[in-house]
Amino acid sequence: MIPNIPAITNPERYSEFDLPREKIEYALGEAIKKIDFALPQFTTKFPSHSSINNVYTQEENTSGWNTGFWTGILWHAYELTGDEKYKTVALGQIPSYLYRIENKLGVNHHDMGFVFSLSCVAAYKLAGSEEGKKAAILAADNLISRYKENGKFIQAWGNVNDPKDNRLIIDCLLNIPLLYWTTQVTGDKKYDEMAWNHFNTTVGVCCRADASTYHTFYFDPETGAPVKGVTHQGAFDESAWARGQAWGIYGPMLTRTYKESDEAMQVFKATSSYFLNHLPEDYVPFWDLCFTDGDNEPRDTSSAAIAVCGMLEAMKHMDKNEALYSIYKNAVNRIMNSLIDNYLTKDVPESNGLLLHATYAKPQGIGIDEMNIWGDYFYMEALHRLLNPDWKLYW
Ligand code: GLY
C-alpha cells in the first residue's frame with residue numbers, strides 16, 4: 001500500500017540546526033585522508049563488505065554486492081578534489097567489472113545496480129568510458145532476466161524460477177535506477193517498464209499502514225499473488241530493519257529522479273517520517289528500529305547515511321515552504337553532525353575506512369558493530385551532496 005505520512009512525533013528534535021560548511025569540509029578532509037591511506041591496498045583489489053576490528057581486508061571483484069561502493073567512493077573523491085589519481089584508479093577497475101559480467105562471476109542475484117551503477121555508469125558519465133557503459137548495460141540485461149511477469153517484480157536471490165525463492169526485497173529499489181538509465185542510453189523501453197512495475201509492486205507490498213517496511217515479500221509462484229512479508233536481516237518479521245527502512249527512503253527518491261511520480265514522493269515522506277520518529281537520542285539508528293536508547297544493541301551508521309542521501313534528494317523536489325522541508329533539512333544536519341562528531345575513524349589509526357559502528361546482518365552474525373563499505377559510500381555521497389547540491393547522480 002501507499003502509506004499515509006505519519007506525523008513527526010517530536011518535532012522539537014528536528015528544530016533549526018546549522019551544520020556549518022567548514023565542518024562538512026573538515027569531514028571531507030578526514031575522509032580523504034583515510035581514502036588515501038586505503039588506496040594502495042585497494043587499487044586492483046576491493047575492500048571486504050565489512051571490516052574486522054575496523055580494518056577492511058582485500059577481495060577480488062568476483063562476487064557479492066559490495067565492490068561498486070569502493071569504486072564509487074573513488075569517483076566522489078575525484079569529483080570533490082579534482083585529483084586525477086582517483087579517476088585513474090577508478091577507471092583501472094572498470095575492466096574487472098566488464099570481465100565479471102561477461103563471465104557471469106557472482107552475478108546470480110539482483111544487486112546489479114549497487115555493483116555497476118556506482119562504478120561503471122559513473123565511469124561513463126564522468127569519463128565517457130565505453131567499457132563502463134557496456135558492462136552496465138550487460139548488468140541491466142542480467143537484472144531483467146530475473147523479472148517475473150507473474151507478480152511483476154524482480155526476484156532477489158537464488159535461481160530464477162526456483163519456487164522457494166519467489167520473492168523481492170526492498171533493497172532492490174536501489175538496483176532499478178540501472179534499468180531506468182539503460183532505457184535512457186539505449187532507447188529500449190523494456191528496462192524502464194520492468195523497473196517501474198517492480199517499483200510499484202515493491203511499495204505496494206513492503207509498506208505497512210504505519211509506514212514501516214517489510215524487508216522481503218514472497219509471491220505465489222503459480223498465481224503471482226503476494227503471500228507474506230518476512231525479514232531476513234531484521235529483528236523479526238513485523239519489525240522495521242533499519243537499513244531496509246533506509247532503502248525504502250532513498251529508493252523511491254531515486255525512482256523520482258527518473259519519473260515524475262507523486263507516489264514515490266508520498267512513500268518517501270511516509271518511510272522517512274517513520275525513520276525519524278524512531279531515532280535514538282544521538283540520531284543514529286540501532287540496527288533495527290524496534291530498539292531504542294537503553295537497549296544493548298549495536299547501531300547501523302550505514303542506515304543513517306543512506307537516509308540522509310534520500311532526504312537530500314527529496315529536498316530538491318520539494319517546495320521550501322513545506323513544513324517537512326525544514327524537518328528534513330534539520331534532520332540531515334543533526335544526523336550528519338552526529339556521524340561527524342561520534343562515528344569517524346580519525347582516532348583509529350589502523351582503520352582503512354570512514355564510518356564506525358555499522359551492522360551488516362545481526363541475525364546471521366555478519367559484520368556486527370564494524371564498518372561496512374556501503375556505509376562509507378553513502379557517507380561520502382552525503383558529504384558530496386551537502387557540498388554541491390547540484391551533484392549529478394551516478395545512479
Ligand atoms: N542489500 C543488502 C543489505 O543491505 O544488507
Side-chain angles (χ1 to χ4, degrees), residues 46-51 56 59 63-70 72-73 106-119 139 142-143 146 153-158 165 167-178 198-199 202 206 212-217 229-237 239-254 271 275 284-289 297-310 353 355 357-379 381-382 395:
F46 292 79
S48 47
H49 52 69
S50 313
S51 59
Y56 293 119
E59 275 183 3
S63 64
W65 68 289
N66 52 283
T67 50
F69 296 114
W70 171 242
I73 287 170
V107 293
N108 189 26
H109 58 82
H110 70 146
D111 281 321
M112 297 300 106
F114 286 120
V115 178
F116 290 90
S117 293
L118 303 174
S119 55
N142 189 56
L143 183 54
R146 307 183 68 82
F153 68 94
I154 294 166
Q155 183 184 319
W157 300 318
D165 283 322
R167 66 168 155 177
L168 59 76
I169 75 171
I170 196 165
D171 321 27
C172 193
L173 293 178
L174 285 275
N175 289 320
I176 58 175
L178 177 67
H198 178 85
F199 171 78
T202 303
C206 283
S212 65
T213 52
Y214 286 110
H215 180 196
T216 89
F217 214 97
V230 302
T231 198
H232 181 62
Q233 283 154 258
F236 51 95
D237 287 343
S239 74
W241 173 48
R243 201 160 54 256
Q245 192 76 17
W247 298 140
I249 291 170
Y250 194 15
M253 289 323 302
L254 289 175
T271 52
F275 185 86
V284 175
F286 293 92
W287 66 278
D288 192 295
L289 298 180
E297 293 288 339
R299 281 180 159 73
D300 179 32
T301 46
S302 77
S303 301
I306 296 160
V308 163
C309 291
L355 212 50
H357 302 300
T359 294
Y360 184 178
K362 178 107 190 299
Q364 288 77 16
I366 307 171
I368 300 168
D369 201 16
E370 286 285 347
M371 305 185 299
N372 58 44
I373 193 63
W374 53 91
D376 291 359
Y377 171 82
F378 287 100
Y379 172 69
E381 185 182 309
W395 297 98

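Note that ligands are numbered from 1 as they come in the structure, with each ligand's atoms numbered from 1 the same way. Residue numbers start at 1 and run along the sequence shown.
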*Run the numbers for me: atoms of ligand 1, each under 4.0 Å from some heavy atom of Asp171, listed by number.*
1 (N), 2 (C), 3 (C), 4 (O)

*Looking at Trp157, Phe114, Phe116, which hits ring-ring contact (aromatic ring centres under 6.0 Å, His included) with Trp65?*
Phe114

*Where does the angle between the aromatic ring planes of Phe69 and Trp374 fall among parallel (under 30°), tilted (30 to 60°) and perpendicular (over 60°)?*
tilted

*asked:* I'd like to check which ligand 1 atoms, numbered from 1 as shown, lie under 4.0 Å from a non-hydrogen atom of Arg243.
replied: 3 (C), 4 (O), 5 (O)

*Does the N or O separation between Trp374 and ligand 1 drop below 3.5 Å for any pair?*
no

_Short N or O distance, Asp111 and ligand 1, threshold 3.5 Å exclusive_ = no

*Could you list which atoms of ligand 1 come closer than 4.0 Å to a heavy atom of Tyr360?*
5 (O)

*Within the structure, does Gln233 bring an N/O atom to less than 3.5 angstrom of an N/O atom in ligand 1?*
yes

*Quick one: sort the Trp241 and His215 rings into parallel, tilted or perpendicular, breaks at 30° and 60°.*
tilted

*Side chains of Glu59 and Trp70: donor-acceptor distance under 3.5 Å anywhere?*
no

_Working to the nearest 0.5 angstrom, can you tell me the gap between Gln233 CD and Ile169 CD1?_
7.0 Å

*Distance under 6.0 Å and angle within 45° of the ring axis: does Arg299 meet both against Phe286?*
yes

*Could you tell me whether Trp241 and ligand 1 have an N or O pair separated by under 3.5 Å?*
no

